[in-house]
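Residue numbering restarts at 1 for every chain, and letters A, B, ... go by the order of the sequence lines. Please read these numbers as outputs of a predicted model, since none were measured by experiment.
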Protein chains: 2
Amino acid sequence: MIRTNPKLLAYSKTLLEKDRAQVSVTHYKRKEEIMGQGHRYPYVGIIIKGIVKCFINEANGKAFIQEFMTEGMEVGELEFFEKGGATCSVAAVTPVTILEIPHQLFKILLDKELTFNRLILESLADKVRYKAPRHAFQTSYSLERNIEKMGELYPDFLKVLPKGDIANYLGVSARSLNRALKTLREEHG
Amino acid sequence: MIRTNPKLLAYSKTLLEKDRAQVSVTHYKRKEEIMGQGHRYPYVGIIIKGIVKCFINEANGKAFIQEFMTEGMEVGELEFFEKGGATCSVAAVTPVTILEIPHQLFKILLDKELTFNRLILESLADKVRYKAPRHAFQTSYSLERNIEKMGELYPDFLKVLPKGDIANYLGVSARSLNRALKTLREEHG
DNA sequence: TCGAAAAAAGGACATTTGTCCCGCTTGAAA
DNA sequence: TTTCAAGCGGGACAAATGTCCTTTTTTCGA
């Protein structure tokens, strides 16, 4: 449930060596905003280190977290394909390092480097593929079952992610999350 | 909320003329299964006509509809990139016509035709982009508000889509959907 | 054209979740 | 060190949703 892309991470590291002059690296502190909903950025980002959350703030004050991402995942690539502001905000959950590939270079790589092109295709396909079972499971099973599933996928989630983020990921209020956690505690250990 | 892809539809029509010998066209009746969760198909499909639903059946008997799709939308493209069974089932909601592009041809087009490659990249980016606001809205607002939104996006949805499908799209029981529809009827006209 | 089967509507009750609180803990900034 | 904001946990009640069931309407094949 914290998504990663080892192949793209590996490719990014070769980029850092070969094309060092054309890319940049930025560091973000915990809770810092990496991208803001509606804003534009002249680059595509790839996470080199750390955990980010990708989320949407609704007009009524609620937030919904799309996914947690770590090494090798792209951010801001959708805006390369369709100009217009970012759909989601992205913020650092732990200290984060981002590799920034300017749109100009991204386009060249996409058009000339078949390997890179395929990595991006697969990365997009992966994001589509992942969302289907996640949302199906989320609406089909109880909150308790969803929490158990997070624990299976990422045992440390309660230690690493703030409660508020977990609630926003599961699409429930913090109160409901606490209640469900208590129920689970009473049932097993 | 019934998704379409005019550019890919246009491209598909030229494919039907130029490469007619290498592609095929299949018709499906209402409710017929086009793809089954877990199964494999040696082609990528593009909808030429009709409306399909793309959904996941969970082990507990519940179904969750990912999206409704019509002209120009792809089905089964995820399985081209990662071998393995289909994540979702696809079924015809109205009579449907599908253009089938064999994986072998799909690969050639992807590698040699920059235009096609870009269309597929944009199509995938579109699917990712679309899901974020949809699920955010769905979990952030009341059922009534979600129904109103469907009406704004597709005024005829109650006439075209079965109630059960609408409920499975919104992630609620048929009972709750009916209740909410009644409330809306009482409020306005 | 009839009859079976599916779809639709909604009543009654149980369960889940949200909202609005309050009090406690913790960590970072003054 | 003190202080204050943010995070955490949970009580009490209200609202939303699910489950189960019955009745009516519609559809479609024999």
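Across its full length, the helix from C:dT1-D:dA30 to C:dA30-D:dT1 shows an angle of 50° between the axes of its 5 terminal pairs at either end, rounded to 10 degrees.
Between B:Arg30 atom CZ and D:dG29 atom C1' the separation is 14 Å, expressed in whole Å. Regarding B:Arg179, its CZ atom lies at a distance of 14 Å from the C1' atom of D:dC21, rounded to whole Å. Between B:Arg175 atom CZ and D:dT22 atom C1' there is a gap of 12 Å when expressed in whole angstrom units. Distance, B:Leu184 CG to D:dA16 P: 12 Å, rounded to whole Å.
The ring of B:Tyr11 has its center closer than 6.0 angstrom to the ring center of B:Phe116.
With salt bridges taken as basic N to acidic carboxylate O contacts below 4.0 Å, one links A:Arg145 and A:Glu148. Taking a cutoff of 4.0 Å between a charged side-chain nitrogen and a carboxylate oxygen, B:Glu79 and A:Arg129 do not qualify as a salt bridge. Here B:Glu67 does not pair with B:Lys53 in a salt bridge; the nearest charged N to carboxylate O distance is not below 4.0 Å.
Between B:Ser176 and D:dG18 there is a side-chain polar atom (N or O) within less than 4.0 angstrom of OP1 or OP2. Contact annotation: A:Asn178 side-chain N/O to D:dG9 OP1/OP2 distance is under 4.0 Å. Contact check, B:Lys163 against C:dA9: a side-chain N or O comes under 4.0 Å of OP1 or OP2.
Panel note: side chain A:Ser140, backbone B:Lys62; no donor-acceptor pair is recorded below 3.5 Å.
Backbone-only engagement by B:Leu143 is indicated by non-hydrogen atom pairs under 4.0 Å involving sugar-phosphate atoms exclusively.
Interatomic distance, B:Phe64 CZ to B:Glu58 CD, rounded to the nearest 0.5 Å: 10.0 Å. Taken from CZ in B:Arg3 to CZ in B:Arg134, the straight-line distance is 10.5 Å, to the nearest 0.5 Å.
When each of A:Gly164 and A:Thr139 is assigned the nucleotide of DNA chain D bearing its nearest heavy atom, the one mapping closer to the 5' terminus is A:Gly164. Comparing B:Lys31 and B:Lys182 by the nucleotide of DNA chain C whose heavy atom lies nearest to each, the residue mapping closer to the 5' end is B:Lys31.
Taking only side-chain atoms of B:Val172, from C-beta outward, the nucleotide of D:dG18, C:dG11, D:dC13 with the closest atom is D:dG18.
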